[in-house]
Number of protein chains: 2
Amino acid sequence: MKSEEIARLAGVSRSTVSRVINNYPNVPEKTRERVMKVIREYNYEPNLSARVLAGKRTNTIGLFLYSIYDIQSPYRIYGNSYFAPLVDAFVDIGNSMGYYMLVHTVYNPDESWRIRQTFSQKRIDGGIIIGTEKSQEIESILSKISHPIVLMDCDPEEIRKIANPKARIAVINSDDEQGIHAAVDYLVELGHREIGMITGRTTTYSGLKRRESFVKRLESHGLTLDERYMLKGDFTGRSTVSEVESLIASGKLPTAMIASNDEMALAAMEAFKRHGIRVPEDISIVGYDDALASSIVKPALTTVRIPFFDMAKKALEMLEELIESDKPRFMVYNADVGLVVRESCTTINT
Amino acid sequence: MKSEEIARLAGVSRSTVSRVINNYPNVPEKTRERVMKVIREYNYEPNLSARVLAGKRTNTIGLFLYSIYDIQSPYRIYGNSYFAPLVDAFVDIGNSMGYYMLVHTVYNPDESWRIRQTFSQKRIDGGIIIGTEKSQEIESILSKISHPIVLMDCDPEEIRKIANPKARIAVINSDDEQGIHAAVDYLVELGHREIGMITGRTTTYSGLKRRESFVKRLESHGLTLDERYMLKGDFTGRSTVSEVESLIASGKLPTAMIASNDEMALAAMEAFKRHGIRVPEDISIVGYDDALASSIVKPALTTVRIPFFDMAKKALEMLEELIESDKPRFMVYNADVGLVVRESCTTINT
DNA sequence: CTGAAAGCGCTTACAG
DNA sequence: CTGAAAGCGCTTACAG
């Protein structure tokens with residue numbers, strides 16, 4: 001079934017059918033009804049490729065995930081407390097906004113040509129990119145793409161510098177400063193003076209930002225930073241365990257620790273417990289992300305909750321705006337976060 | 001950049017460029033190289049819509065998820081121990097096989113026109129449908145689609161009857177009988193004679209199959225089924241709690257229970273614990289799916305592991321076969337499952 | 001308000 | 001082995 005047959009059956013030309021399909025105003029109600037009736041009757045659906053080739057939008061959005069895990073790991077996305085809820089939210093909200101969502105994972109930075117390809121093939125109207133680490137990666141992507149793009153977890157200032165002045169870009173983050181401040185303030189309020197951190201990869205914007213915010217906030221409370229309490233994680237649980245164990249081996253522990261994400265917080269809790277160090281009695285732990293597991297585990301993890309759903313919504317709305325506008329734009333959004341207090345922290349009596 | 005320019009730059013016709021792009025044999029190596037050089041130099045990427053319109057494949061596969069949760073729930077997919085790992089695996093494997101993956105959630109069965117639309121618009125070469133419940137739903141989808149489709153968690157015999165004889169369909173399940181048998185046998189071996197079950201929605205193929213397998217296996221062990229021990233769950237944790245609480249209120253408990261998925265098993269464990277009933281000392285619990293949380297929780301949950309990755313791989317391979325063949329086909333695959341023994345069951349001394 | 005015609009960027013018989 | 005031409009199914013100025 002094609003528009004020509006619809007036209008014939010409705011006694012009009014293909015032009016008019018097209019006008020009806022695209023909801024143009026210059027069609028009398030009667031004609032429109034007649035055409036619509038035939039369309040409905042035959043369950044006619046215009047051929048996407050033909051429409052796109054003739055200049056219409058694809059109504060498809062690309063969602064690209066740079067994974068930090070091995071392809072091997074069966075848990076790479078859904079086990080990731082940052083990616084998983086985002087993907088979900090994006091697919092859901094995108095669908096409800098009428099978009100088709102093309103989801104793509106890229107493992108190797110070298111594979112970023114895939115992203116460019118998706119655009120060059122005109123598969124999508126716009127793209128969302130999550131998980132890039134090095135700005136050169138982003139730069140090489142941005143330099144070749146003139147389509148609307150939303151970047152998540154990137155330094156807005158850096159992107160602004162890198163980006164082509166006629167690009168259409170939005171950068172979306174959650175407010176890491178706010179989150180870390182809330183966590184530090186909470187611990188200080190509980191009486192903690194010796195607070196450590198398990199950092200995430202600092203090649204990541206949030207990894208770096210959380211670390212920096214932590215250091216500054218400690219300072220503003222008049223607390224001194226003990227470098228021995230700064231464990232270098234990479235956002236995975238595995239990296240955390242060995243770091244925690246050498247901390248334990250050092251014989252001296254902080255009274256509280258903030259982890260840059262929940263996976264590391266959970267791994268740290270396990271490691272401490274295994275060594276007879278009780279959470280929260282001997283050490284308080286705060287996580288980041290509010291992963292599913294965090295409320296299941298005992299003690300339930302106090303953590304910073306990121307509003308993934310709202311972020312995805314905002315991202316899609318901004319992307320839509322970029323798609324519909326043909327002027328260069330540079331938008332930035334920083335989502336509010338909040339501390340979820342559960343059971344993994346306690347007051348300290350000195 | 002379009003093929004015409006490539007042709008001009010390489011000193012050939014568009015036909016030849018097309019032949020090179022499509023890797024047709026009737027092009028001398030020298031010509032091919034010359035064309036390829038220009039293509040690479042300009043990073044040329046053929047326009048997808050034009051190719052599809054001219055009769056080529058889209059190289060895109062649709063992944064449709066019927067969600068049982070409210071749109072509201074931010075955890076709908078990634079919190080689902082069945083959907084989440086499957087989506088991951090599908091996107092990953094699909095990508096690595098060279099396909100683009102279109103992911104779509106449908107909440108309302110009425111929304112199934114979305115699936116049909118995706119096909120009619122020629123957006124995808126084939127589709128994978130997960131989570132349909134009533135066969136009439138599937139029937140209405142199948143009746144309107146002549147493209148290759150993979151169905152997961154459906155009764156093969158029923159589909160065979162429903163399906164158009166010239167359809168290209170594959171049905172993929174995990175072996176529920178095997179899984180439930182393993183669970184029952186394990187419990188019997190531990191000495192249990194009074195075994196209950198928390199069933200999933202029996203409008204679901206696996207929900208029904210697991211229940212039936214359970215009943216039969218009990219019989220074959222010479223055990224009698226106590227209807228009071230058959231709790232009617234719907235695969236969600238929430239439904240489980242009230243069922244478990246009325247079981248507890250009845251004053252009589254089985255010594256072991258098998259849940260049709262981990263979410264219910266976990267919820268049951270929580271509920272029992274809250275009422276002072278210890279797992280596994282007072283009651284043994286077996287789950288199904290092997291969700292992420294199941295190994296984190298204390299006691300760690302003994303459960304049936306479904307090989308999601310292998311299933312997705314098989315599904316995509318079969319789908320590819322269906323896409324490449326133009327003959328009607330009906331394929332069935334049943335994946336092996338295995339019991340993962342952890343800490344939630346114990347021997348019983350009578 | 002409406003139709004004929006050109007054009008979107010490919011592929012593929014067809015002819016040579 | 002290769003090019004000219006038709007065709008895929010739409011949309012959109014253009015002319016009326």
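Computation of the quantities below employed the complete heavy-atom set of this structure, encompassing side-chain atoms and omitting hydrogens, waters and symmetry-equivalent molecules.
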Give none if D:dA15 has no partner; otherwise give the nucleotide forming a Watson-Crick or G-U wobble pair with it, both distances under 3.5 Å. C:dT2

Is the closest basic N to carboxylate O distance between [X] and [Y] below 4.0 Å?
| X | Y | value |
| --- | --- | --- |
| B:Glu321 | B:Arg329 | yes |
| B:Glu33 | B:Lys30 | no |
| A:Glu4 | A:Arg8 | no |

Looking at [X], does any N or O in its side chain come under 4.0 Å of the phosphate oxygens OP1/OP2 on [N]?
| X | N | result |
| --- | --- | --- |
| A:Thr31 | C:dT2 | yes |
| A:Tyr24 | D:dT12 | yes |
| B:Ser3 | C:dC10 | yes |
| B:Asn22 | C:dT11 | yes |
| B:Lys56 | C:dT12 | yes |
| B:Tyr44 | C:dC10 | yes |
| B:Lys122 | D:dG9 | no |
| B:Asn26 | D:dT2 | no |

Rounded to the nearest angstrom, tell me the gap between atom [atom1] in [X] and atom [atom2] in [N].
| X | N | atom1 | atom2 | value |
| --- | --- | --- | --- | --- |
| B:Arg14 | C:dT11 | CZ | C1' | 9 Å |
| A:Ile21 | D:dT11 | CD1 | C1' | 10 Å |
| A:Glu29 | C:dC1 | CD | P | 11 Å |

Once hydrogens and angles are ignored, does a donor-acceptor distance under 3.5 Å link the base of C:dA4 to the side chain of A:Ser15? yes

Under 3.5 Å donor-acceptor, A:Asn173 side chain and A:Asp153 backbone: yes

Counting any heavy atom closer than 4.0 Å, what does B:Ser18 reach on the DNA or RNA strands: base, sugar-phosphate only, or nothing?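 Answer is base: heavy atoms of B:Ser18 come under 4.0 Å of a base.
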
Among the candidates D:dC1, D:dG7, D:dG3, find the nucleotide nearest to the side-chain atoms of B:Pro28.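 Selected nucleotide (nearest to the side chain): D:dC1.
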
